[in-house]
Amino acid sequence: MFVLADCNNFYASCERLFRPELNGKPVIVLSNNDGCVIARSNEAKALGIAMGAPKFKIEEEIRQHNITICSSHYELYGDMSARVMTNLARFTPEVEVYSIDECFLKLTGFKNLESCALTIRNTTIKNTGIPISIGVAPTKTLAKLANKLAKKTPSGVMVLDTDCKIAEALKTYAVEDIWGVGRQYATKLISEGIETAEQLRNLPAEWVNKNMTIVGARMWRELWGQSCLQLKTVLDPKKGMCTSRAFGKLTGDYGELEQATASYASRLAGKLRREKLCTMVLSVRLLTNRFKTDQPQAYPTISINLPHPVNNTTDLIKASMKGLKRIYLKGFLYQKVEIIAIGLIPETEVQLNMFEQYNGIKNNKLSNILDGLNKHYGSGTIRMATEGKQQKWAMRRQFLSPRYTTDWKDIIKVK
DNA sequence: TCTGGGGTCCTAGGACCC
DNA sequence: TCTGGGGTCCTAGGACCC
C-alpha cells in the first residue's frame, strides 16, 4: 500500500508555528518579490483568496479582512520540511520525499491501515507542530486522491483499500483534480463530457492511449489499482539546473543586468558545487515582463559550450558575462534573467579538453574558500565584485519572518 | 508600483548513419 | 520512369508536477 503524507497549507503553517496568535486567522504567503499568493491558511481560503492571485489585485480583501501577509521564506520551510520528513521516515524504510511538503511511504504487512495512518499523522503533528493529512491506497495516483479527500475529513486520514471504497471515491471526484490531469487535459476531457474520475476510468484503454500519451495511460491503469509508478527511494541524478528570478524592478541598464547575471551565475555555481556536479553548457536568457502588453517584448537567449565541465564561480560568471554581452538588446525593460546549466555530470567524472587552457584548479580553490567563508559567516558575506554592492535589482521581501530555526540571532525574536 | 521558481518526462521531426 | 529500410541521436516544444 502507498501512503501519501501531505502537509496542510505548508508555508502558511510554518509561519503560524512561531506566531501562535495567528491561529484561526487568515494568513497568506507570497511568491518572490511579494508577487502573488502561493499558500493560504484555511481561513484565507474560506475568504475566497485564490491560489496564484497577484497581491496588488487583492489589496482590498487584505485590508478588509485583516489578512496577515508573509514573504516566502524558504530557509524556514526547508528546515521544517526536514523535520517532518525525519519523523515520517521513522515508520518505514521505504520513503520517497516527493516535494518540500509531500512524502510517499510504502507500508507492507500492516493489518489495520486506518490506525496506522492515524499514528503516523498524530506523531508527526505532535513532534513538529505542522498539520498533515494522510491518504492510503494501492497506487500512487489513488494515494494522492485519497489524500485530497483526507483533507476534508475530521480525522485527516483516508484509506482506500478495497475496490468498493475506491469506486465510491471516484464517483464524485472531479477529473481536473486527478494527479496527472493538468489544464490542457482537463479542458479536453470536459469538452468530451468526462467530468469525474469514474467517467475517466470507464473510458476504453484505446481512447486513453490515443489521446493522452503513455503518461495518461499509466494514470488510467493506476486508477484501476494497477501500480505503474514505483516508489523512488534513490534520487535520480539531476539533468539540469536553473537560477531564475524576477528583479525587484524592471531594468534596461546594462550595468545592473551585469550585476544580476553575475550574481545568479554565482548562485548557480554554488548550487552545482553543493550537489557535486559540473556543467558543460551554460544558457543565459533575458526576459521582459510578458504582462506589460503595451511595452516591447524580447526574450533573447544564448547557449554557451564551455571548454571544460566546471562548477567554479569564476568561470561561470565569465561565461555568463560573455553570453549577456551577446544577447543584450538596448531599448527594452527586462524583468528577469535566467541562467541554466545543462549537460550536468558528476565532479568525479570530469574529462578535460586537451586543446584548451585549464584554470580549474586555481578557480576551484577560490570557490571553495568562498563557500567556506560564506558558510561560516553567513551567506552573502563575500562575493565577486561583478555581483555589485548596491544590487538595486534585488527582490522585494517586505514581509519576511525571522529565521526562527536557522539563526541564533533571530531566535531571540520569538515571543 | 505590483503577476514565482524550480523541476520532470514524452513526442515529433530532422539530421545523419549504413 | 524508377527512388529502401532500418536505425540512432539531438532538439524544440508541450504536457505535467509542487
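Throughout, protein chains are lettered first and strands after them, A, B, ... in sequence-line order, and every chain is numbered starting at 1. The model shown is predicted, which means the values in this text are computed figures rather than measured ones.
A parallel orientation is assigned to the rings of A:Y77 and A:Y11, their planes being inclined by less than 30° (bins at 30° and 60°). Under the 30°/60° scheme for interplanar angles, the aromatic rings of A:Y334 and A:F332 are found to be tilted.
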message: Would A:D371 and A:R273 count as a salt bridge (charged side-chain N to carboxylate O under 4.0 Å, His left out) here? Give the steps.
response: CA-CA 9 Å; A:D371 289 344; A:R273 291 198 291 274; 2.7 Å; yes
- prompt: Given the rule in the side-chain hydrogen bond (donor to acceptor under 3.5 Å, both in side chains) test, do A:Q297 and A:T288 qualify, once you have shown the distances and angles that lead to the verdict?
  reply: CA-CA 6 Å; A:Q297 301 282 320; A:T288 49; 3.0 Å; yes
message: Run the side-chain contact (heavy atoms from CB on, under 4.5 Å) test on A:L170 and A:I166 for me, step by step, so that the C-alpha distance in whole Å, both residues' side-chain angles and the decisive distance to 0.1 Å come before the verdict.
response: CA-CA 6 Å; A:L170 296 192; A:I166 293 168; 4.2 Å; yes
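Counting only heavy atoms from C-beta on, A:K271 has its side chain closest to B:dG6 among C:dC18, B:dG4, B:dG6.
Taking atom P in both C:dC18 and B:dT3, the straight-line distance is 24 Å, to the nearest Å.
For the atom pair CD1 of A:I67 and CD1 of A:I69, the computed distance is 8.0 Å after rounding to the nearest 0.5 Å. Note that the CZ atom of A:F2 and the CG atom of A:L142 stand 10.5 Å from one another [nearest 0.5 Å]. To the nearest 0.5 Å, atoms CD1 (A:I340) and OG (A:S320) are separated by 12.5 Å. With values rounded to the nearest 0.5 angstrom, A:S367 atom OG is found 6.0 Å from A:M384 atom CE.
To the nearest angstrom, C1' of B:dT8 lies 12 Å from CZ of A:R218. Whole-Å rounding puts the A:K144 NZ to C:dC16 C1' distance at 12 Å. What separates CG of A:L344 from C1' of B:dT8 is a distance of 14 Å, to the nearest Å. A:Q398 places its CD atom 17 Å from the C1' atom of B:dG4, with the value rounded to the nearest Å. The separation between A:E338 atom CD and B:dG6 atom C1' is 10 Å, rounded to whole Å. Distance, A:L287 CG to B:dG4 C1': 13 Å, rounded to whole Å. Look at CD on A:Q297: it is 13 Å from P on B:dT3, rounded to the nearest Å. Straight-line distance from the NZ atom of A:K336 to the C1' atom of B:dG5: 7 Å, rounded to whole Å.
Across residues 228-267 of chain A, A:D236, A:K238, A:K239, A:G240, A:M241, A:C242, A:T243, A:S244, A:R245, A:A246 each have a non-hydrogen atom less than 4.0 Å from an atom of DNA chain B (numbered order). Contacts between residues 188-215 of chain A and DNA chain B, defined by a heavy-atom separation under 4.0 Å, are made by A:T213, A:I214, A:V215. Across residues 40-78 of chain A, A:P54, A:F56 each have a non-hydrogen atom less than 4.0 Å from an atom of DNA chain B (numbered order).
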query: Once Watson-Crick and G-U wobble pairs under 3.5 Å are found, how is DNA chain B written in dot-bracket notation, 5' to 3', with | for any base paired to another strand?
result: ....||||||||||||||
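For the pair A:Q335 and B:dC2, the criterion of a side-chain N or O lying under 4.0 Å from OP1 or OP2 is not met.
Applying the side chain to side chain donor-acceptor pair (under 3.5 Å) criterion to A:N127, with sequence neighbours excluded, gives A:N87.
With hydrogens and angles left out, the side-chain atoms of A:T92 and A:E94 include no donor and acceptor closer than 3.5 Å. Side-chain contact, A:N9 with A:K45: a donor N or O sits under 3.5 Å from an acceptor N or O.
Two rings, from A:Y185 and A:W220, have their centers 6.0 Å or more apart.
Looking only at side-chain heavy atoms (C-beta outward), A:L324 and A:L257 come within less than 4.5 Å of each other.
Between A:R396 and A:N32, it is A:R396 whose nearest contact on DNA chain B lies nearer the 5' terminus.
Of the residues A:T124, A:I132, A:V95, A:V84, the one that meets the side chain to side chain contact (heavy atoms under 4.5 Å, CB included) test with A:C103 is A:V95.
In this structure, A:Q390 places its CD atom where only 12 or fewer heavy-atom neighbours from other residues, nucleotides or ligands lie under 6.0 Å away.
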Please list, pair by pair, any protein nitrogen or oxygen found under 3.5 Å from a nitrogen or oxygen in nucleotides 9-15 of chain C.
none

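Nucleic acid contact for A:D34: none, since no nucleic acid atom lies under 4.0 Å from a heavy atom of the residue. Counting any heavy atom pair closer than 4.0 Å across all strands shown, A:L268 reaches no nucleic acid atom.
Both tests pass for A:K140 against the ring of A:F104: distance under 6.0 Å to the centre and angle within 45° of the axis.
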